[in-house]
Structure formats: C-alpha cells, structure tokens
Amino acid sequence: MVLIVAVVNRGSGPDGHSLNPSGSPSIAALSPADCPVRSTNPPAAPPVHKGDVAVFIDDITLPDCTRVGAGKTMTKVWRLKNAGTVPWKGYSLRRLDVTQQADQCQTIPDVPIEDTQPGEMVDIRTVITTPRKPGLCYVRFKMVDASGTVVFPGSRPVNFQIIVDGL
C-alpha cells in the first residue's frame, strides 16, 4: 500500500504547527483502545515548491500499535520516497507538538532527512523514549525545508503510534 503525504492535517494551523502547543485534548485523551488512530482525508492542498511530492512507503520499525515497555528508548524508522521533481536538501520532519509533556513519548523536535534526489527513497530515523506511564503515544511530524517552511501545508502528517505497557 502506498500513502501519498499530500492530504490535509487536522489539528494544525496553516503553518503546520499544532493549534494547541501541548497537543489537542482529543490527542491527549487517546488510549491504547484508540490504536490505530484513524486519519481523515480532507481536501488536498498544493505543496510550497511546485513539483514537490512525498510518498510514504513503510514503517520500517515500530509499525502502528506496536507494544513497547514504559521508560524504554528505541529507534523509529519511516521510509519515504521523493516522488517529485524537487531535490530534498536540508529537509527535516518537525514535531507538531513540540512542547512535550512528561506523559508523552520524547523525541527531538526536528528529525533530519538525508538529502534525497527525485526518485530516491530515504529512511528517516528518530530516537523515541517512552514515558513511564502506560498509554498510547501518538506523535505527529510535518516535513519542512531548509528555511523551516512546511513544504506540504495541506498534507497529513507523518506519525508514529505505539502502545506503552507498564514497567
């Protein structure tokens, strides 16, 4: 299955940042029973750079609803394809809820993406530390260019969803 990362994101403003810096109440209230969190497909919006297209290929590690222990550190890897005509130079994935709370999974705020030419695939890695409290970690990222501009402002975010079990 191929998912094009070019559909509107709910819960973020036009700049791709969360409307509520600590995360929306609906996300904070998610439990393992909500996994996987289902995204809607609102109307598409054009990319910032004409010809820029990202295609989600696969969750290489930690597919949605993977169960992990509390207080653990692990690596999440997504595979994306640059399916457009714009080289990705200096791009990264920016966490939408950058004001991280202690009961959330912890990550760096900007996950670097290796420079990727049109037609190439890239594996994007980030280290995750799970909270000590069991629950669902649902963390969203948007792709930004070297200037920090969200390149797919109307796109669905790249995310991970893991279930944190007790210690």
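Quick caveat, the model's predicted, so the values are computed rather than measured.
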Could you state the interatomic distance from [atom1] ([X]) to [atom2] ([Y]), rounded to the nearest 0.5 Å?
X      : Y      : atom1 : atom2 : result
Gln161 : Thr66  : CD    : OG1   : 10.0 Å
Met121 : Thr116 : CE    : OG1   : 11.0 Å
Arg140 : Leu96  : CZ    : CG    : 5.0 Å
Arg67  : Cys35  : CZ    : SG    : 9.0 Å
Lys76  : Ile60  : NZ    : CD1   : 8.5 Å

Is [Y] close to [X] at the side-chain level, that is, under 4.5 Å between some pair of heavy atoms?
X      : Y      : answer
Thr107 : Phe160 : yes
Ile162 : Val139 : no
Val144 : Ser92  : yes
Asp165 : Ile163 : yes

inquiry  = Suppose we screen for side chain to side chain contact (heavy atoms under 4.5 Å, CB included). Which residues come up paired with Val151, at least two apart in sequence or across chains?
reply    =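 Counting only residues at least two positions away or on another chain, Val151 forms a side chain to side chain contact (heavy atoms under 4.5 Å, CB included) with His49, Asp52, Tyr91, Met143, Asp145.
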query = Of all residues at least two apart in sequence or in a different chain, which pass the side chain to side chain contact (heavy atoms under 4.5 Å, CB included) check with Pro118?
reply =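 Pro118 satisfies side chain to side chain contact (heavy atoms under 4.5 Å, CB included) with Asn82, Pro87 once adjacent residues are dropped.
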key: Stepwise side chain to side chain contact (heavy atoms under 4.5 Å, CB included) test for Thr75 and Val77   = CA-CA 6 Å; Thr75 301; Val77 181; 4.0 Å; yes
inquiry  = Using salt bridge (Lys or Arg N to Asp or Glu O under 4.0 Å), reason through Asp58 and Arg79 one step at a time and then give a plain yes or no.
reply    = CA-CA 5 Å; Asp58 201 9; Arg79 182 167 292 154; over 6 Å; no
task = Answer yes or no: does atom CD of Glu114 have more than 12 heavy-atom neighbours from other residues, nucleotides or ligands under 6.0 Å?
result =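 At most 12 heavy atoms, drawn from other residues, nucleotides or ligands, come within 6.0 Å of this atom.
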Would you give me the side-chain donor-acceptor pairs under 3.5 Å for residues 124-131, sequence neighbours excluded?
{"residue": "Thr129", "atom": "OG1", "partner": "Thr73", "partner atom": "OG1", "Å": "3.2"}
{"residue": "Thr130", "atom": "OG1", "partner": "Gly69", "partner atom": "O", "Å": "2.8"}
{"residue": "Thr130", "atom": "OG1", "partner": "Gly71", "partner atom": "N", "Å": "2.9"}
{"residue": "Thr130", "atom": "OG1", "partner": "Lys72", "partner atom": "N", "Å": "2.8"}
{"residue": "Thr130", "atom": "OG1", "partner": "Lys72", "partner atom": "O", "Å": "3.3"}

Do [X] and [Y] belong together in a cluster built from hydrophobic side chains that touch within less than 4.5 Å?
X      : Y      : value
Phe152 : Phe56  : yes
Val48  : Leu80  : no
Val122 : Ile108 : yes

Quick one: does any side-chain atom of [X] pair with a main-chain N or O of [Y] as donor and acceptor, under 3.5 Å?
X      : Y      : answer
Lys89  : Ala146 : no
Trp78  : Asn159 : yes
Lys142 : Ser155 : yes
Arg94  : Gly148 : yes

inquiry  = Before you tell me yes or no, could you show the steps for Asp115 and Trp88 under side chain to side chain contact (heavy atoms under 4.5 Å, CB included), namely the whole-Å CA-CA distance, both residues' side-chain angles and the distance that decides it to 0.1 Å?
reply    = CA-CA 5 Å; Asp115 290 352; Trp88 296 345; over 6 Å; no
key: Minimum-distance pair of heavy atoms, taken over all atoms of Arg95 and Gln100   =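 Looking at all heavy atoms of both residues, the shortest contact is NH1-OE1, 3.1 Å.
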Stepwise side chain to side chain contact (heavy atoms under 4.5 Å, CB included) test for Val68 and Met74 = CA-CA 9 Å; Val68 298; Met74 65 214 66; 3.6 Å; yes
